[in-house]
Amino acid sequence: MAEDSDLEKTEPASGRKIEQAREEGNVPHSRELGTFAILMTSTLIIALMGGYFYQGMRDMMLEVFSFGRDAATDPAYMWLLLLGATRDVLLTFLPFGVALIVVTVGANLLISGWNFTTKALTPKFERLDPIQGLGRMFSVQAAIELVKAVLKSALIAGVSAWVLWTQRDALLNLVAEPLTLGIEHFASIILMTVLAAAGAFALIAVIDVPFQLWHYFKNLRMSKEEVKQETKQSEGDPQIRARIRHLQREMARRRMMAAVPKAEVVVTNPMHFAVALKYDEKRMSAPQVVAKGSQLVAERIKEIAREHGVPIVEAPPLARALHRHVEIGDTIPGTLFSAVAQVLAYVYQLKQAKLAPPLPNDWQVPADMDPGAAA
């Protein structure tokens, strides 16, 4: 039972899984949204530019069908006439075609975003398998699509029939109207019917878009085992990562210990902390912490300092403050300048005098910087 539960895809798709799907051309899309966009755009363009299209076609037909008997028997002239008519039709309906292309692409980009890949063009020969084709035809998904198609057709046909029924009297009276007025009246009824159908399709699109997004991410869901495998592939094995972190800490510790012999002084809290300070008045604006540690690391710092003759000064408040508030490689804060100056002055006196000078008793460390004082 545990293995079966692990195989169930209950986990949401990871970013990597979604990225791989997009690379393969698998993005969410809604046919209903695209159909609605095309239908509504076509209707609005025809409503706004119908007169322009009518005039263009009228002029083209007058030009095409206005020729004499001699021109009708001249193939070259008729060929030029056909080319000119084709050009005029294309130029007339060019805005219509461009608008449909823009709207179609925009409708797809609205829910899937921009995604360019050539993998979707790769032929999939397994789709030629007739057995798999029959399985897709009689699958649950195919049944759902069939039901959706029937419901869409019924809704649009019902809305269109309702609009025409409400305009039945106007339709019957068209035969009594003059030709031009009747055509305009009939066109307005058709436009009203198409807009009502487009409105019904808008309702279908509003329902379909969230469903397609939910269905897309549902199909990309992962099992717990897949999540574990992807985590290992992207981040590496946990044991290997732990080993790498351990080696990084060891390398950092070696670099830190290598800096101790170059330090001016090691400040200690005898039983707990050790902090090595370096200061070059020609190149540094303030002393710098080059090594620090507690317990065994502190003992190792003091051992290296003794081996290389680096002075060790017991200044517990300062050692605690430096260990808590200053990272390796950083200069000391201004609040500790006075205390560090006391240490450096003691070290300089120690180097010049034959007898060790007295160690200061009152280290000038602010109470809020000393963890020991706060405790």
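All residue numbers refer to positions in the sequence shown, counting from 1.
The number of heavy atoms from other shown groups lying within 6.0 Å of CE (M61) does not exceed 12. With a 6.0 Å radius and a threshold of 12 heavy atoms from other residues, nucleotides or ligands, R31 has its CZ atom at or below the threshold. Applying the 6.0 Å contact sphere to CZ of F186 captures no more than 12 heavy atoms from other residues, nucleotides or ligands. Within 6.0 Å of the CD atom in E327, the count of heavy atoms belonging to other residues, nucleotides or ligands does not exceed 12.
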| field | Residues E303, R306; criterion salt bridge (charged side-chain N to carboxylate O under 4.0 Å, His left out); working and verdict | value | CA-CA 5 Å; E303 182 180 345; R306 294 189 191 99; over 6 Å; no
| request: Take L277 and I332, measure what side chain to side chain contact (heavy atoms under 4.5 Å, CB included) needs, and give me the verdict at the end. | output: CA-CA 9 Å; L277 297 175; I332 63 171; 4.3 Å; yes
| task | Decide side chain to side chain contact (heavy atoms under 4.5 Å, CB included) for L195 and M40; before the verdict, give the C-alpha distance in whole Å, the side-chain angles of both, and the deciding distance to 0.1 Å. | result | CA-CA 7 Å; L195 286 175; M40 182 59 73; 4.1 Å; yes
| task | Could you walk me through whether V343 and V267 pass the side chain to side chain contact (heavy atoms under 4.5 Å, CB included) test, one step at a time? | result | CA-CA 8 Å; V343 172; V267 183; 4.1 Å; yes
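Separating the CE atom in M57 from the CE atom in M60 is a distance of 3.5 Å, to the nearest 0.5 Å. Taken to the nearest 0.5 Å, the CG atom of N269 stands 5.5 Å off from the CZ atom of R320. The structure places CG of L191 at 8.5 Å from CG of L44, a figure rounded to the nearest 0.5 Å.
Residues L39 and A198 share a closest heavy-atom pair of CD2-CA, 3.7 Å. Contact record, P333 with V326: CD-CG2, 3.5 Å, taken as the closest heavy-atom pair. The two residues A205 and P210 come nearest to each other via the heavy atoms O-CD, 4.4 Å. Across A107 and A37, no two heavy atoms sit closer than the pair CB-CB, 4.1 Å. Pairing each heavy atom of A286 with each of T331, the nearest pair is O-CG2, 4.0 Å.
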Under 3.5 Å, side-chain donor or acceptor atoms of residues 79-99 against the rest of the protein: list the pairs with distances, not counting sequence neighbours.
unit_1	atom_1	unit_2	atom_2	d
T86	OG1	L82	O	2.9
T92	OG1	D88	O	2.6

Using atom types as modelled, flag every donor-acceptor pair under 3.5 Å from a side chain in residues 149-168 to any protein atom, sequence neighbours excluded.
unit_1	atom_1	unit_2	atom_2	d
K152	NZ	E32	OE1	2.9
K152	NZ	E32	OE2	2.8
S153	OG	A149	O	2.9
S160	OG	I156	O	2.9
T166	OG1	W162	O	3.4
T166	OG1	V163	O	2.5
R168	NH1	W165	O	2.7

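Linking Ile, Leu, Val, Met, Phe, Trp and Tyr residues whenever their side-chain heavy atoms come within less than 4.5 Å leaves V206 and V209 in two separate clusters. No chain of hydrophobic side-chain contacts below 4.5 Å, direct or via other Ile, Leu, Val, Met, Phe, Trp or Tyr residues, connects L33 to F201. V340 and Y279 fall within the same hydrophobic cluster, defined by Ile, Leu, Val, Met, Phe, Trp and Tyr side-chain heavy atoms under 4.5 Å apart, directly or through other members. Residue I38 is grouped with residue L48 when hydrophobic side chains (ILVMFWY) are merged at heavy-atom distances under 4.5 angstrom, including chains of intermediate members. Y346 and Y348 fall within a single hydrophobic cluster, where Ile, Leu, Val, Met, Phe, Trp and Tyr side chains are chained together by heavy-atom contacts under 4.5 Å.
Hydrophobic cluster membership of I328, counting Ile, Leu, Val, Met, Phe, Trp and Tyr whose side-chain heavy atoms lie under 4.5 Å apart directly or via other members: M256, M257, V260, V266, V297, I301, I304, V310, I312.
Looking at residues two or more places apart in sequence or on another chain, you find a side-chain hydrogen bond (donor to acceptor under 3.5 Å, both in side chains) between D208 and S30, K148, Q212. Scanning for side-chain hydrogen bond (donor to acceptor under 3.5 Å, both in side chains) contacts around D59 gives Q55, with sequence neighbours left out. Here D280 pairs with R283 under the side-chain hydrogen bond (donor to acceptor under 3.5 Å, both in side chains) rule; sequence neighbours left out. Applying the ring pair (Phe, Tyr, Trp, His ring centres under 6.0 Å) rule to H323 yields the partners F273; only residues at least two apart in sequence or on another chain are considered. Evaluation of the side-chain hydrogen bond (donor to acceptor under 3.5 Å, both in side chains) rule for K302 yields E299 as partners, not counting sequence neighbours. When the ring pair (Phe, Tyr, Trp, His ring centres under 6.0 Å) test is applied to F337, no partner is found at least two apart in sequence or on another chain.
For residues 185-198, every residue pair satisfying the side chain to side chain donor-acceptor pair (under 3.5 Å) rule, not counting sequence neighbours, is listed here: E177-H185. For residues 92-112, the set of pairs meeting the salt bridge (charged side-chain N to carboxylate O under 4.0 Å, His left out) definition, not counting sequence neighbours, is empty. Within the structure, the salt bridge (charged side-chain N to carboxylate O under 4.0 Å, His left out) test picks out no pair touching residues 334-346 (sequence neighbours left out).
Contact annotation: the side chain of E250 approaches that of H246 to within less than 4.5 Å [non-hydrogen atoms, C-beta and beyond]. Contact check for I46 versus V194: no side-chain heavy atoms found under the 4.5 Å cut-off. Counting only heavy atoms from C-beta outward, the side chains of V289 and D330 never approach each other to under 4.5 Å. Annotation: side chain of V265 is in contact with side chain of L344 (closest heavy-atom distance under 4.5 Å). Contact annotation: the side chain of S42 approaches that of L100 to within less than 4.5 Å [non-hydrogen atoms, C-beta and beyond]. Side-chain contact check for I204 versus F36: every heavy-atom pair is 4.5 Å or farther apart.
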